[in-house]
Protein chains: 2
Amino acid sequence: MSSAARTRDGNTAERILDVAEQLVQERGFNAFSYADIAAELGITKAALHYHFASKAELGQALIDRYAARFAGALTDIDAAGGDAPARLHAYADLYLNVLRDQRMCLCGMLAAEYRTLPEAVRSTLLEFFDDNEGWLAEVLESGRSTGQLAFTGPARDVARVVVASLEGAMLIARPYGDLGRFQVAATQLLAGLVAKASSPS
Amino acid sequence: MSSAARTRDGNTAERILDVAEQLVQERGFNAFSYADIAAELGITKAALHYHFASKAELGQALIDRYAARFAGALTDIDAAGGDAPARLHAYADLYLNVLRDQRMCLCGMLAAEYRTLPEAVRSTLLEFFDDNEGWLAEVLESGRSTGQLAFTGPARDVARVVVASLEGAMLIARPYGDLGRFQVAATQLLAGLVAKASSPS
DNA sequence: GTCTATAGGCAGATAGAC
DNA sequence: GTCTATCTGCCTATAGAC
């Protein structure tokens, strides 16, 4: 990966973010240093400070980029035009693909470290979850209106459970190194939302 | 709290563990130092090293004590003699009470930091989750056999979803500082497991 | 935009007095 | 069991040459 990163394009700032992102997702924001990134990219720590003056600034850039990319993925799911169950499945797959690289969700990791984060990063983090819940709530509501999904109470509350459960499933599946653990949990979670074929008695 | 800690009993090792535990649950294992504990207890870093020679050793003692205490709580729930739904509710309350102190589950926090942990701590961490899942699986199975709980598939898989969902709900509720967020999630989760009153048609 | 060099501080850890 | 004193090393960050 070290050589691959050096081979091609991408301005240095992007490559720094790529490495930093991986480090945060694997170890946490408080468990990596500028030296780690510099070594990986074959540049000096001073060069890093040119692009991101402080670690707090780097953290802000990380979460901004991650949130934007995630929002883009949700837009892509919408554009694909599937029904509500299909969208939920696609949503869970976003998490699965992160876990595939043996990474925790960047925002789930930062949520654990919340108390140690710069204030700006904190609020961006909450916005990330708000956006996810908002998108999910719409999907859930539309699925309920077509009769494809079945649940009781506010869609927003159910959306929160979905986000929390997927984050939790990642959190625990990762130490076990067991993708199947996550998949079983996600499958069960979604199965509980899909309307059962009503066999009229 | 600093003064309270100094007022009473408990050998120093226990007081060290108390402070360290709080710090890990609030910030993470990689975001506190011996200096933090020493300052809180009014002793020196050197004194800390007498009780726990290395930070890895301290981490091991922390997770050992936490796991033992949690196991004791499960035994207490069993001893109370409630039915399966009552036991599940009591289990969720264990998490709620941790969150009440604005703390993350110690093991959930360590799960996020898994890649940075000493090997011994890693395996103890997995045992913690194994034990929780095992206890829950028994409760679920017994509840299903009495008809009070309803779910499909292996009880162990459902147990895993329960643990993951509760951990995830804590992870996200804590940044929001919103206990209600966790409670709603826990309520929904358990409601999905309780058998619906079957109105024979 | 990246470098060398270095500041200033805090990390985990140890030696040895009391 | 706790202390003072100290070590070594890494941390984030900066100054200034190229």
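A, B, ... follow the sequence lines: proteins, then strands. Residue 1 opens every chain. Model, not experiment: these values are computed from the prediction.
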Notebook entry, point to check: Within less than 4.0 Å of OP1 or OP2 of D:dT2, is there a side-chain N or O belonging to B:Y50?
Noted result: no

Notebook entry, point to check: A:E14 CD to C:dG1 C1': how many Å, rounded?
Noted result: 16 Å

Notebook entry, point to check: Reading nucleotides 4-18 of chain C 5' to 3', which nucleotides get B (base under 4.0 Å from a protein heavy atom), which S (sugar-phosphate only), which -?
Noted result: B------SBBBB---

Identify every side-chain donor-acceptor pair in residues 152-159 of chain B under 3.5 Å, counting partners at least two apart or on other chains, and give the distances.
from   : atom 1 : to     : atom 2 : distance (Å)
B:R156 : NH2    : B:D130 : O      : 3.3

Checklist line | With B:F32 via ring pair (Phe, Tyr, Trp, His ring centres under 6.0 Å) - residues at least two apart | finding: B:F29

Note to self: List the residues meeting ring pair (Phe, Tyr, Trp, His ring centres under 6.0 Å) with B:F182, not counting sequence neighbours, and say none if there are none.
What the structure shows: none

Item checked: Any pair counted as side-chain hydrogen bond (donor to acceptor under 3.5 Å, both in side chains), so long as it reaches residues 178-192 of chain B, sequence neighbours left out -> A:E133-B:R181

Margin query: Please list all pairs meeting salt bridge (charged side-chain N to carboxylate O under 4.0 Å, His left out) that have one or both residues in residues 52-71 of chain B, counting only residues at least two apart or in different chains.
Written below: B:E14-B:R65, B:D18-B:R65, B:E21-B:R65, B:E21-B:R69

